[in-house]
K.L.:
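There's a structure below that I have some questions on.
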Amino acid sequence: MWKLVLQRLSILVAMLLIVSVAAFAVPLMSDGDPARTILMSRTSDFNLDPDAVESLRTELGLDRTLAAQYFGWLGHALRGDLGFSFATRQPVLSEIARALAVSLTLALTALGWALLVALPLGTLAAMRPGGKLDGATTLLIQTLVATPEYWFAPVSVLVFSLWLGVLPSAGWQGPSSLILPALALSLRPMAYFTQITRAAMSDVLQAPYISAARARGLSYNQSVLRHGLRNGSLPVITFFALWFAGLLGGSVVVEVIFAIPGMGRLLYDAVINNDVPMLQGAFVAMVGLAIVINTAADVFYVLINPAMRGRHAQ
Amino acid sequence: MTLPTSVPTQGAKDTRAPLLEVRNLKVGITGRNKEVVRGLDLTVGHGEVVALVGESGSGKSVTALALSQLLPPGLEITEGSVRMGGRELVGTSEKDLTGIRGRDLSMLFQQPQTMLDPTSRVHVQVAEPLASKGSGRATFARVVDLLRGVGIPDPEARARAFSHELSGGMAQRVMMAAAMAGEPRLLIADEPTTALDVTVQAQILRLLRDEQRKRDLSILLITHDLSIVSAFSDRVCVMYAGRIVEEGPTPQIMKHPAHPYTRALIRCSLLEPEANGALPSIPGSSSRALSILEGCRFAPRCHVMAAAPDLESACCATEPALESKGQGWRTRCHATDAQTHGDAA
Amino acid sequence: MPSDMILSPPDAPGLLSRAVIYTRSRHWTFRAGVAIVAAMIALIALAPWIAPHDPGAQDLLGRLKGPTAVHWLGTDHLGRDVLSRLLIGRQFTVTISAVAVVITLVIGTVIGVMAGRAGGLADELAMRTVDLLISVPDVVIAIFLIGVFGPGWLTLLVALTLTGWTPYARLARGLTREVNAREYIRAAEVLGMKRSFVMFRHILPNCIRPITAISFLRFGHKLITVGGLSYLGLGVQPPNPDWGLMLAEAQPYLERAPLLMIAPGAVIFLAALGVTWIGHGMEIDTSGTGEDRT
Ligand SMILES: Nc1ncnc2c1ncn2[C@@H]1O[C@H](COP(=O)(O)OP(=O)(O)OP(=O)(O)O)[C@@H](O)[C@H]1O
Ligand code: SF4
Ligand SMILES: [Mg+2]
C-alpha cells in the first residue's frame, strides 16, 4: 500500500517537474524578448529605450544562465510566487485562485448533473441488454459525444435566454447563470459516464456474488443495491476524476462563450493579451492539477477497492 | 482421503411428507426449443441427505438453481412443480421467495470466493439471512457466534475481513455460516468441496455432517465424487442428460447398481488414474446426449445394450420409464437384472 | 466467403465491391456512419461544381438574410452565401484532425507495442505516463503553445500529438501482451526468428482493426476540439472559410440570423457523428462480445 503511494508520488513529482520545465522553457523558444514585451505592454510604446530594456532584463534576471533562471523561477513558484500578470498587474497566483474557485463550481455542477443522468440510465440500460432502452441509450451516448459544446451553447442561449428569456445568456451572477454553461459542459462527460456505468453494471449484474446474495434471501434489487452498486461504481469513480481534472481547464470554450471568469477564460485571455507569466501560471496550475487529481483518484481507487488494496499490500 | 464414516440417519424411516418434492421439472433455454433438465422427479425427506450425481453437463447445477428459483437469464422453468414443505415455489412471487431463500432454503456453491462480494466485509454478508435485525452490536455478536460455529479461528477478526483475505476453505466456511444464519431446513450444496484441497474437503464435509446432525437439516448434495456419496448420503439420485436414471438408498446402489450408467460411473471411480494422469472416464461423451430425441439417452455409450443386441430395438425406440424395484429404489432401463449383471463386471 | 461470390463481379472482386460487402455485414451504426461521411466527402469534393455561389463574394446589402431560393442557408454578416462557404475552401478543421489522428496513431502504436514487448520498468513507466496524460486536456496544451508560438497548423499538430497518442499506446500494449502470451509467438522466437520480424508479422495484424475503430472515435473527438480552437479564433485565420470560424463569426448575430450559427454547427455535429458511428460499429464487431448488437 505505502509502496504504491510512494511509487505514484515519485512519478507525480517527476511529471510535475517536466511540466514546470515546459512552462518555463517553451516561452523562451519563441522569438520574443520578455523584457521588451513587458515594457511594451506597460508603455504601449513601440520605441523602447534600450537602457530601460537592459535594466529590466537585469531586474528580471534574464541575464543569468538558463538553468539559474529556471531554478530561480521554480523556487519562486514553489513558494507560491508565480509573478505578476502583464495585463492586470495582479499576482498570478491570486488571479488563478479566484478563477479556480469559479471553474471548480462549474465543473462540479456539470459533473454532478452528468452523474445524475448517467448512473440511473447506464444501470437501466445494463439491466436489459439489447432492449429498447439500451438501444436508445447507445444512440444518445453517440449523439452527445458528437455534439460540439460551442454549438449547443449558442443554441441553448438562443432558446432559453433570447426566446424564452428565462435564463441569463452570459455572466457569473447567481445560480441561474450556472445552468446553461454547466449543461453545455456536461454533455460529453454524461455520455462517457453512461457508457462506463452501463459496462460496469452489466458485469456486476451477472456476477456470481449477486446470485449468492439472492440465495441468502435478498431481493434482486437489494442485492444490486448492497453488493452491486459499489462494485459497479469503482470504474465510474476513476472516470469522474479524469473528467474533473479535464474540465477544470478544458472548459475554455464554454467559459469564453458565457463570459465566465474561470480558468479557461484566464488561459484564453492570457493568450489574447500575450501575458506570458499568466500563461505560464495557468498552464502549470491546470496541467499540474490534472496530474495531481489523477494520482489522488488512483490512490483513492485502491483505497476503496479492498481486493486491489490486498494485491498492492503483498 | 479421510472422510467421515457413514452413519445413515433416520431419514428413510421418517414418515412425514417429504420436505422437498420436485415433480416433472423441466428447464429450457429461453427462445430455443432445447431443454437441459427434462422432467426431473426428486424428493428430499426431513433430515435426509440426498446426493445428486452425474457427469459434467448433466444439469446438476441448473437443477440446483431451478429449485431455488434463481435461474440466470436465458434459462427458465417450462413445466413442473417444486414444493417445499408443501408450498409451491414455481410461480411464487419474487417477494415471497425472498422470505424463503436464506430462511427455509440455503445454498452453498462450488467457488466460494467468487460468491462473496469483494467490496463488502464478511460479517455484512453473513448477517443478511438473520431473521430479526437487532442492534448492530447484537448482530455482529451473532455473526461471530456463527463463524465460530463453523470452526473459523479468530472469528472477530475474520468477520471484518474481505473475501480476498480468505483462503478457499475459509471462504466456504463463511458461506456455510451465512447459509446456517437463517436456520434453514434444506441446504442445497452444489459441489461445495470440488474447488478445495483434499484435506480441506474432508474438513468441510465433516462440518456439513455435524451441522446436519445438530439441526436435523435436509441436504441436497451435488457432487460427482462417489466416495463422498457413499460416505455421506442416505439416498442417491443419478442424473444423466437432464433426467434421473436411477435413485435409491445409497448402500444398496453403491453395492449393486442397477442402471448401466451408474455401474459405469462406479467402475470408473474405482479405477486408478491412468498412467498419464488422466482420470478414468466412461467411454464416449455425454455432450451430445441432450440432442438425442428418441430412445434411451445413454444408448450410444451403453455397454449392456452393446452386449445384448436384442435390447437395441427397445433402447433406441423408447426412453424407459423410471420403474420401482422396491424399497424406494427406482431405475430407468429396459434391461433385465440378468442382462445388466451378465457382463464381465 | 460465399457472400463474396454473390455480390462481386465474377472475375474481379474489386476494392469497391469488397468495401460494399464489408459495409453490409456491419452493425447499423457503421452503415449509417459510412453513409453520412460518404455523402459529406462527395459534397465537399464536388463543391467547386455544385456550390451555388462564390464563397468569397460579398453583398453587403443582402447581408444576414434568412434562407431564400437564391441562398438556401442564407447569407452571413458580409452577405456571403453560407451554403457555398460550408462546401468550399480549405477544410482546415477536417484536415488537421485527420493528420493528427494519423500521427498519433503511428506514434501511439509504436510506443504501445514497444512497451508491451519490453515489459518491466519501461512498460510500467510508459503506462503510468499514459494514465497521467489522459487527464490533461489537449485544449490547454494547445492554447498554451498557441499563446507562445501563435496560431498555426504546426502548433496545433504538436499540441494534439502530445496528448493524443495515449489511447493507441494503451490498446496496442494490451494487444501486444495478449499476443505475446500465445504459444506460436514464443515458438517463432525459439525457432530463431528475429524479434522485430515476429512483432510485425504477428502483432501488428492483430492490432489493425481495433486501432482503426478507435481512430474513428478519436477523429470525431479531434474534429470537435479543432473546431473549438477555430471558434476561439486560435485556429485558421480569416477570411478562409472554416466551420468553427463560421460559428464564431455568427455569434454576434445569434438572434438576428440563427441559421448562420446553426448550420456550421450542424455540419460539425454530423461529421463527428458519422465518424463516431463508424468507430462504434467497428468496435462492436471487433470486440466480438456481440452484447451490444441490436
Ligand atoms: N445460462 C445457460 N444458458 C444456456 N445453457 C446453459 C446455461 N447454463 C448451463 N447450460 C447448459 O445446461 C447444461 C447443464 O449444465 P450444468 O451446469 O447444470 O451441468 P453440471 O451437471 O452442473 O456440470 P458440472 O459438473 O460441470 O458442474 C449444460 O449442457 C450447459 O451447457
Ligand atoms: S435402456 Fe438400454 S441403452 Fe439405456 S441404459 Fe438401459 S440398456 Fe442401456
Ligand atoms: Mg455444476
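A note on names: the letters A, B, ... follow the listed sequences, proteins ahead of strands, and every chain is numbered from 1.
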K.L.:
Counting only heavy atoms not in Phe193(A), do more than 12 fall under 6.0 Å of its CZ?
P.N.:
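More than 12 within 6.0 Å, yes.
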K.L.:
Quick check for you: among Gly147(C), Gly274(C), Gly244(C), Gly265(C), which has the greatest number of heavy-atom pairs under 4.5 Å with chain A?
P.N.:
Gly265(C)
K.L.:
Is it the side chain or the backbone of Ala22(A) that comes within 4.5 Å of chain C heavy atoms, both, or neither?
P.N.:
backbone
K.L.:
Is chain C contacted by the side chain of Leu139(A), its backbone, both, or neither, given a heavy-atom distance below 4.5 Å?
P.N.:
side chain
K.L.:
Output the option from Val252(A), Leu279(A), Val287(A), Ile291(A) having the highest count of non-hydrogen pairs under 4.5 Å with chain C.
P.N.:
Leu279(A)
K.L.:
Say you draw a straight line from CG of Leu187(A) to CD1 of Ile224(C); how long is it, rounded to the nearest 0.5 Å?
P.N.:
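If we round to the nearest 0.5 Å, Leu187(A):CG and Ile224(C):CD1 are 10.0 Å apart.
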K.L.:
Shortest non-hydrogen contact from Gln142(A) to Trp277(C)?
P.N.:
OE1-NE1, 2.7 Å
K.L.:
Do Thr138(A) and His280(C) have side chains that get closer than 4.5 Å, going by heavy atoms?
P.N.:
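With C-beta onward as the side chain, the pair touches.
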K.L.:
Does any heavy atom of chain A fall under 4.5 Å from the side chain of Leu273(C), the backbone, both, or neither of them?
P.N.:
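Backbone plus side chain of Leu273(C), per the 4.5 Å heavy-atom cut-off to chain A.
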K.L.:
Could you tell me which non-hydrogen atom of Gly246(A) sits nearest to which non-hydrogen atom of Pro137(C), and how far apart they are?
P.N.:
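Closest approach of Gly246(A) to Pro137(C): O-CG, 3.6 Å.
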K.L.:
For Asp131(C), which atoms come within 4.5 Å of any heavy atom of chain A: side chain, backbone, both, or neither?
P.N.:
backbone
K.L.:
Quick one: which of Val271(A), Val253(A), Ile257(A), Ile272(A) gives a side chain to side chain contact (heavy atoms under 4.5 Å, CB included) with Leu232(C)?
P.N.:
Val253(A)
K.L.:
Report, in residue-number order, which members of residues 10-17 of chain A are under 4.5 Å from chain C by heavy-atom distance.
P.N.:
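Near chain C, by residue number: Ile11(A), Met15(A).
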K.L.:
At a heavy-atom distance under 4.5 Å, which candidate from Ile262(C), Leu125(C), Ile141(C) has the highest pair count against chain A?
P.N.:
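Sorted descending by pairs with chain A, the first entry is Ile262(C).
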K.L.:
Where is the tightest heavy-atom contact between Ala23(A) and Phe144(C), given as atom of each residue plus distance?
P.N.:
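Closest approach of Ala23(A) to Phe144(C): CA-CZ, 3.8 Å.
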K.L.:
Take Arg128(C) and Asp298(A) through the salt bridge (charged side-chain N to carboxylate O under 4.0 Å, His left out) test and state the conclusion after the steps.
P.N.:
CA-CA 11 Å; Arg128(C) 298 270 91 226; Asp298(A) 211 15; 3.2 Å; yes
K.L.:
What part of Ala245(A) gets within 4.5 angstrom of chain C, counting heavy atoms only: side chain, backbone, both, or neither?
P.N.:
both
K.L.:
Sort Ala271(C) into side chain, backbone, both or neither according to what part of it lies under 4.5 angstrom from a heavy atom of chain A.
P.N.:
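Contact with chain A involves no heavy atom of Ala271(C) at all.
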K.L.:
For the interface with chain C, which of Val155(A), Asp275(A), Val157(A) has the highest count of heavy-atom pairs at distances below 4.5 Å?
P.N.:
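Among Val155(A), Asp275(A), Val157(A), the one with the most close pairs to chain C is Val155(A).
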K.L.:
Looking at chain A, which one of Pro258(C), Gly227(C), Gly220(C) has the largest number of heavy-atom pairs inside 4.5 Å, strictly under?
P.N.:
Gly227(C)
K.L.:
With a 4.5 angstrom heavy-atom cut-off, is it the side chain or the backbone of Leu223(C) that approaches chain A, or both, or neither?
P.N.:
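Backbone only.
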K.L.:
Tell me, out of Val140(C), Ile134(C), Thr29(C), who's got the most heavy-atom pairs with chain A below 4.5 Å.
P.N.:
Val140(C)
K.L.:
With chain A, which of Ala272(C), Ala250(C), Gly228(C) has the greatest number of heavy-atom pairs at distances under 4.5 Å?
P.N.:
Gly228(C)
K.L.:
Which is it for Thr143(A) and Phe269(C) under the side chain to side chain contact (heavy atoms under 4.5 Å, CB included) test, yes or no, and what are the steps along the way?
P.N.:
CA-CA 8 Å; Thr143(A) 311; Phe269(C) 169 71; 3.7 Å; yes
K.L.:
Sequence neighbours excluded, which residues qualify as ring-ring contact (aromatic ring centres under 6.0 Å, His included) partners of Phe300(A)?
P.N.:
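With neighbours one apart ignored, the set is empty.
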K.L.:
Is it the case that the side chain of Tyr150(A) and the backbone of Leu229(C) share a donor-acceptor pair, with hydrogens and angles ignored and the cut-off at 3.5 Å?
P.N.:
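No; zero donor-acceptor contacts below 3.5 Å.
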